[in-house]
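The next block holds one structure in the form of structure tokens; read it before the comments.
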Number of protein chains: 2
Amino acid sequence: MNIGDVAERSGLPAKTIRYYEDIGLIRPKRGGNGYRAFGNADVHKLAFLGRARSLGFSIEECRALLALYEDEGRASSEVKQVAEEHLEQIDRKVAELQAMRTTLAKLIQRCYGDNRPDCPILDDLAGEDSATTAHG
Amino acid sequence: MNIGDVAERSGLPAKTIRYYEDIGLIRPKRGGNGYRAFGNADVHKLAFLGRARSLGFSIEECRALLALYEDEGRASSEVKQVAEEHLEQIDRKVAELQAMRTTLAKLIQRCYGDNRPDCPILDDLAGEDSATTAHG
DNA sequence: CCTTGACCTTCCAGTTGCTGGAAGGCGCAT
DNA sequence: ATGCGCCTTCCAGCAACTGGAAGGTCAAGG
């Protein structure tokens with residue numbers, strides 16, 4: 001199978017597949033013409049990676065998950081730990097974004113948004129401590 | 001004022017301040033020794049930038065906000081629009097993370113996390129369509 | 001047989017927002 | 001003069017790709 005087919009079947013762009021080979025996530029064979037020659041196992045791995053990435057796992061986490069996947073003797077606790085750490089990471093990120101959201105929404109609400117220059121959003125950013133401020 | 005003082009007063013690392021000069025967010029003067037010579041206005045701008053960044057505005061959004069801040073004739077609607085677009089961006093990101101979170105939490109819950117190899121998390125990533133699967 | 005076009009290859013650069021480090025200059029105290 | 005702590009510039013690297021240039025390959029059509 002050539003990279004174009006694999007891209008279609010795995011849902012990943014060809015560029016990304018080449019990149020994944022570069023960083024050692026997959027090791028497709030090569031044909032006599034220099035083209036990558038993928039097998040079904042490669043497609044399967046790539047789809048695995050795509051799903052893991054879509055859950056937000058980093059490349060290194062994906063590498064670890066893939067290794068666990070291929071290790072018949074793994075303990076599911078190892079997988080679970082990777083997943084739990086990632087979940088915590090997500091939760092931290094969500095909390096951070098929610099905090100920003102709260103502050104920003106308050107500022108927006110107080111801004112008239114008309115053609116006059118007075119703006120509580122700018123006032124806040126400028127450090128005028130009116131009411132809302134609660135940054136980083 | 002030297003960069004060290006400004007870093008302390010603005011809360012931004014010296015490296016970041018130099019970077020902000022590089023990309024044209026600030027334009028401190030220079031003394032005869034080649035050192036940057038900051039004024040209070042620079043410190044103020046940098047603090048503004050720090051707060052905007054802490055609300056998640058991109059550098060380019062910060063640039064726009066700073067320009068609006070310095071434009072006495074601005075309309076607050078312009079500021080509000082920048083802020084509202086950023087708010088929507090945040091909401092999209094939060095939704096994305098929540099979706100990941102939901103899927104991931106379900107998988108984690110179904111994994112025993114013991115020393116046996118069977119693992120619903122890996123099964124899901126491998127594409128075995130049991131129950132939970134719903135990837136991006 | 002030759003050309004056309006869609007593939008494939010490699011390599012380099014750019015994205016975002018810094019951060020670290022090397023190599024060297026400046027200013028003050030000893 | 002020497003040491004220390006500033007300051008300067010420039011180069012590299014992080015994550016995870018993405019775009020594009022320059023060129024090789026392959027199957028089809030004239």
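Labels below follow one simple rule: chain letters A, B, ... track the order of the sequence lines, proteins then strands, and each chain is numbered from 1. Since the structure is predicted, the reported quantities are computational estimates derived from the model, not experimental observations.
Contacts of Y20(A) with the nucleic acid, taken as non-hydrogen atoms under 4.0 Å apart, involve only primed sugar atoms and P, OP1 or OP2. When heavy atoms are screened at a 4.0 angstrom cut-off, I23(A) is found touching no nucleic acid atom at all.
Among dG17(C), dA16(D), dT9(C), the nucleotide with an atom closest to any side-chain atom of S58(A) is dA16(D).
Ionic pairing of R116(A) and D114(A) is present here: one or more N-O contacts between side-chain nitrogen and carboxylate oxygen are shorter than 4.0 angstrom. A salt bridge does not link R18(A) with E21(A): every distance from a Lys NZ or Arg NE/NH1/NH2 to an Asp or Glu carboxylate oxygen is 4.0 Å or more.
No side-chain donor from either of Q98(A) and R101(A) sits under 3.5 Å from a side-chain acceptor of the other.
Following rounding to the nearest Å, E61(B) (CD) and dG17(C) (P) show an atom-to-atom distance of 9 Å. In this structure, R36(B) atom CZ and dC26(C) atom P are separated by 15 Å, rounded to whole Å. Rounded to an integer number of Å, the gap from I3(A) CD1 to dA6(C) P is 18 Å. Taking atom CG of residue L25(B) and atom C1' of nucleotide dG17(C), one finds them 11 Å apart after rounding to whole Å. Taking atom CE on M1(B) and atom C1' on dC6(D), their separation rounds to 16 Å, with Å as the unit. In this structure, D5(B) places its CG atom 10 Å from C1' of dC6(D), rounding to the nearest Å. When the P atom of dA16(D) is taken as reference, atom CD1 of I26(A) falls 16 Å away, rounded to whole Å.
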Check: protein-nucleotides 22-25 of chain D nitrogen or oxygen pairs below 3.5 Å:
residue	atom	partner	partner atom	Å
dG24(D)	N2	Y35(A)	OH	2.9
dT25(D)	O4'	Y35(A)	OH	3.1

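Under a hydrophobic clustering in which Ile, Leu, Val, Met, Phe, Trp and Tyr are joined whenever their side-chain heavy atoms come within less than 4.5 Å, directly or via other members, M1(A) and L46(A) fall into the same cluster.
The phosphate of dA15(D) (OP1 or OP2) has no side-chain N or O of R53(A) nearer than 4.0 angstrom. Side-chain nitrogen and oxygen atoms of R63(B) include none within less than 4.0 Å of the OP1 or OP2 phosphate oxygen of dT16(C).
DNA chain D lies under 4.0 Å from at least one heavy atom of each of the following residues of residues 7-19 of chain A: P13(A), K15(A), T16(A), Y19(A).
Taking both residues in full, the closest heavy atoms of A83(A) and I121(B) are given as CB-CD1, 3.9 Å, listed atom of the first, atom of the second, then distance. What you find for L122(A) and L65(B) is that their closest heavy atoms are CD2-O, 3.8 Å.
Checking side-chain atoms of R63(B) against main-chain N and O of I23(B) turns up a donor-acceptor pair under 3.5 Å.
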F38(B) and R9(B): CA distance, side-chain angles, deciding distance, side chain to side chain contact (heavy atoms under 4.5 Å, CB included) verdict: CA-CA 11 Å; F38(B) 296 88; R9(B) 295 196 200 187; over 6 Å; no
